[in-house]
Amino acid sequence: MGHAACVVCSQEKSSLTCKTCSTAVYCSTTCQVKDSNNDLHQCLPYTILHEERCGRLLMASRDISAGEVLFNDIPGAVGPDNNPKPVCLNCYKRMPGLVYRCRHCSWPLCSPFCQREDGPHARECQMFQKYSPRFNIADFTKPCPWYNAIMVLRILWLKENKPETWKLLDMLMDHLEEEKVESKRKNGVIDFIHNHCKLTHFKEKEIRHVIGVIDTNAYIIGENPNKDVDLQGLFPITSIINHSCSANTICFARDNFTFACRAVKNIKKGEELTTNYLHYHYHFFGLSYRRPELSEFWHFKCNCHRCKDFTEFGTLSDALVCKECEQGRLIPLNMNPGSEWVCSTCYGSQTSEDVMMVITYWWNIIDTASKYDIKVLMELLQKTLKVFDKNHYYNLEVKRRIIENIGDSKGNKYEDLAEAWLEKKVEFCKDHLNIQKILAPGLSEYRAYLSSHIAEPLYWLTKKRYLAKKVSGEELNKIMEEVAQHLLMVIQIWGPYRKRSAERLKAENARTLLAIVDSKYLHRDLGVIADEVLEKDIMKIYSAIV
């Protein structure tokens, strides 16, 4: 199948296979979307719809199982993130100075080996050749604003060269109407394209639209070989997926710059496909954090099921302890801005302004506290527990920072830690897992993060207790099975991520510990399951997720 022709455009050596029937092959997600209108082949697991509330969205066209890969999206363009210091536009290595110039357009490259006719630089190179502008970079140690235009030019190039991909990207939202102050960066991009490169056939309105589309929809998909330059990609299908604070998919970068979308739980036909725009460190954060964050960076007010429930699905992750009765919890009375916060027990209330002052005050304290001093963090936790519900995201965030410090700092190996510290890390991880099952269930990144942190301390804690005759052999094997399941979960979720990413490295580390647990205690050849993901890229599909 790897050498078959695309069923839509007949391009040879196409490798994107229909996941349902395995008979249709495509060269790109663009052609796969085109084929969704073919009455003879309707295997795509989603359809693209339009609604007034959000524009385009993806809707499940059939029942989808947890773990299923819904699509692999090919980027319309890849390029360096905003404001980089000078980099090679083919391999993205940082350049210490002028070493070599492209023989076609004279743009600085890192070496003659990056003079590739089919490389990423080919797009802007083709346009630069039209008027042959000079590119003299005065200081290679400082950010060069010209590089902000590269991603824009690579997308504008699509208009004449790949019009179908351009059409899909051109429909994405730019949120320019939300811009309150004219951007110096955007003006600089327009000036570079129009005045320096003389590419005036691209209208200012069109350039601003593309910049807005990138700012709103592009994903960070990796970094250069030296890990000192972030790379961004703009994807025609992934960019359509709307946000939910309790999403049913995850999207992640693969080794070839494609973006995969995978179901984290079972999805019924007719349900909207959603993903969480926030980093998984913030998936347990309450509405008082999420609402302004999403509004500021993505320019929308979230109305997902979780945001409409002030109890946060019963977790109270945004609730304060009532000062009047000290038993009840304060939550907003309704969705209206400025709504009072009312106690569920004594019906006492506080104004929204007073609550926001408390929230801001304590966040400033948390934010300025040392992230690496466990004693300071433990003392801070005792204070915040008196002000906020035990499941409040402030308490969980302090616990998360403590989790990251136990056993993970230099010279602080798990096997050398006292049982009390191992117990504390396991306890705090379980506190988070109880929240994760409700707020970010299934194969979520939040789950992988917690499983990666709990597995090793739970292993050493159980081993120490067994040697001290505090647990029986039966209990030992039962807990080692739990350790193995956590490790397998890390591998299943993060194993398919691109090599060298932090998540993939966590999955590889999990494979190492899994081999030890299996060989010493379980004897079930669990390494075979791990290798299916890490070596063969075979992802498990689940009928149900615990």
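Index from 1, following the sequence.
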Worksheet entry | Trp146-His196 aromatic ring centre distance below 6.0 Å | yes
Worksheet entry | Short side-chain to backbone donor-acceptor contact, Thr238 and Phe235, under 3.5 Å | no
Discussion item. Check whether Arg401 reaches the backbone of Ile366 with its side chain - one donor and one acceptor, N or O, closer than 3.5 Å.
Written reply: yes
Fill in: Heavy atoms from other residues, nucleotides or ligands near CE of Met357 exceed 12 (cutoff 6.0 Å)
no
Worksheet item: Regarding Glu445 and Tyr497, is there a side-chain donor-to-acceptor distance under 3.5 Å anywhere?
Response: yes
Discussion item. Whether Glu164 and Lys167 form a salt bridge (side-chain N of Lys/Arg under 4.0 Å from carboxylate O of Asp/Glu) is what I want to check.
Written reply: no
Worksheet entry | Sidechain-backbone polar pair: Ser239 side chain, Pro236 backbone, donor-acceptor under 3.5 Å | no
Discussion item. Less than 3.5 Å apart, any donor N or O on the side chain of Asp174 or His209 sitting next to an acceptor on the other?
Written reply: yes
Discussion item. Which residue in the set Arg306, His283, His243 passes side chain to side chain contact (heavy atoms under 4.5 Å, CB included) when paired with Arg290?
Written reply: Arg306
Item to complete: Step through the shown structure and confirm whether more than 12 heavy atoms of other residues, nucleotides or ligands are within 6.0 Å of NZ on Lys268.
Response: no
Practice prompt. Classify the angle between the aromatic ring planes of Tyr289 and Trp363 as parallel (below 30°), tilted (30 to 60°) or perpendicular (above 60°).
Written response: tilted
Worksheet entry | Tyr393 side chain to Ser288 side chain, donor-acceptor N/O pair below 3.5 angstrom | yes
Discussion item. Set out, in order, the CA-CA distance, both residues' side-chain angles and the distance that settles ring-ring contact (aromatic ring centres under 6.0 Å, His included) for Trp362 and Tyr394, then state yes or no.
Written reply: CA-CA 8 Å; Trp362 281 102; Tyr394 280 7; 8.4 Å; no
Worksheet item: Are the side chains of Leu172 and Thr216 in touch, meaning some heavy atoms are under 4.5 Å apart?
Response: no
Worksheet item: With distance as the sole criterion, is a donor-acceptor pair present between the side chains of Arg447 and Tyr280 under 3.5 Å?
Response: no
Worksheet, complete the sentence: By ring pair (Phe, Tyr, Trp, His ring centres under 6.0 Å), Tyr131 pairs with (sequence neighbours left out) none
Item to complete: Please list, chain by chain and in numerical order, all residues satisfying side chain to side chain contact (heavy atoms under 4.5 Å, CB included) with Asn161, sequence neighbours excluded.
Response: Gln126, Trp157
Discussion item. Is it the case that the side chain of Asn391 and the backbone of Thr315 share a donor-acceptor pair, with hydrogens and angles ignored and the cut-off at 3.5 Å?
Written reply: yes
Item to complete: Measure from the side-chain N and O atoms of Glu271 to the backbone N and O of Ala60, and report whether any donor-acceptor pair falls under 3.5 Å.
Response: no
Worksheet item: Do the non-hydrogen side-chain atoms of Phe300 and Ser295 ever get within less than 4.5 Å of each other?
Response: no
Discussion item. What I want to check is whether the side chains of Asn266 and Asp63 have a donor and an acceptor closer together than 3.5 Å.
Written reply: no
Discussion item. Assess, by modelled atom type and distance only, whether the side chains of Asp354 and Thr351 contain a donor and an acceptor separated by less than 3.5 Å.
Written reply: yes
Item to complete: Decide yes or no for His50 and Glu52: does some side-chain heavy atom of the first lie under 4.5 Å from some side-chain heavy atom of the second?
Response: yes
Fill in: Counterpart residues, ring pair (Phe, Tyr, Trp, His ring centres under 6.0 Å), relative to His279 (two or more places apart)
His281
Practice prompt. Step through it carefully: locate the ring centre of Phe252, locate the ring centre of Phe259, and say whether they are under 6.0 Å apart.
Written response: no
Practice prompt. Give a yes or no answer on whether the side chain of Asn395 reaches the backbone of Asp389 with a donor-acceptor pair at less than 3.5 Å.
Written response: yes
Worksheet item: Do you see a donor-acceptor pair shorter than 3.5 Å between the side chains of Asn224 and Asp228?
Response: yes
Worksheet entry | Expected output: side-chain Gln232 to main-chain Val78 donor-acceptor under 3.5 Å | no
Worksheet item: Between Glu272 and Tyr46, do the side chains contain an N or O donor and an N or O acceptor separated by less than 3.5 Å?
Response: no
Practice prompt. Please answer whether the main-chain N or O of Ala440 pairs with a side-chain N or O of Gln436 as donor and acceptor at a distance below 3.5 Å.
Written response: yes
Worksheet item: Can you check whether Asn242's main-chain N or O pairs, donor with acceptor, with Thr274's side chain at less than 3.5 Å?
Response: no
Practice prompt. Might you work through the ring-ring contact (aromatic ring centres under 6.0 Å, His included) test for His453 and Tyr449, ending with a clear yes or no?
Written response: CA-CA 7 Å; His453 273 288; Tyr449 172 77; 4.8 Å; yes
Worksheet item: Are the side chain of Arg498 and the backbone of Arg254 linked by a donor-acceptor contact shorter than 3.5 Å?
Response: no
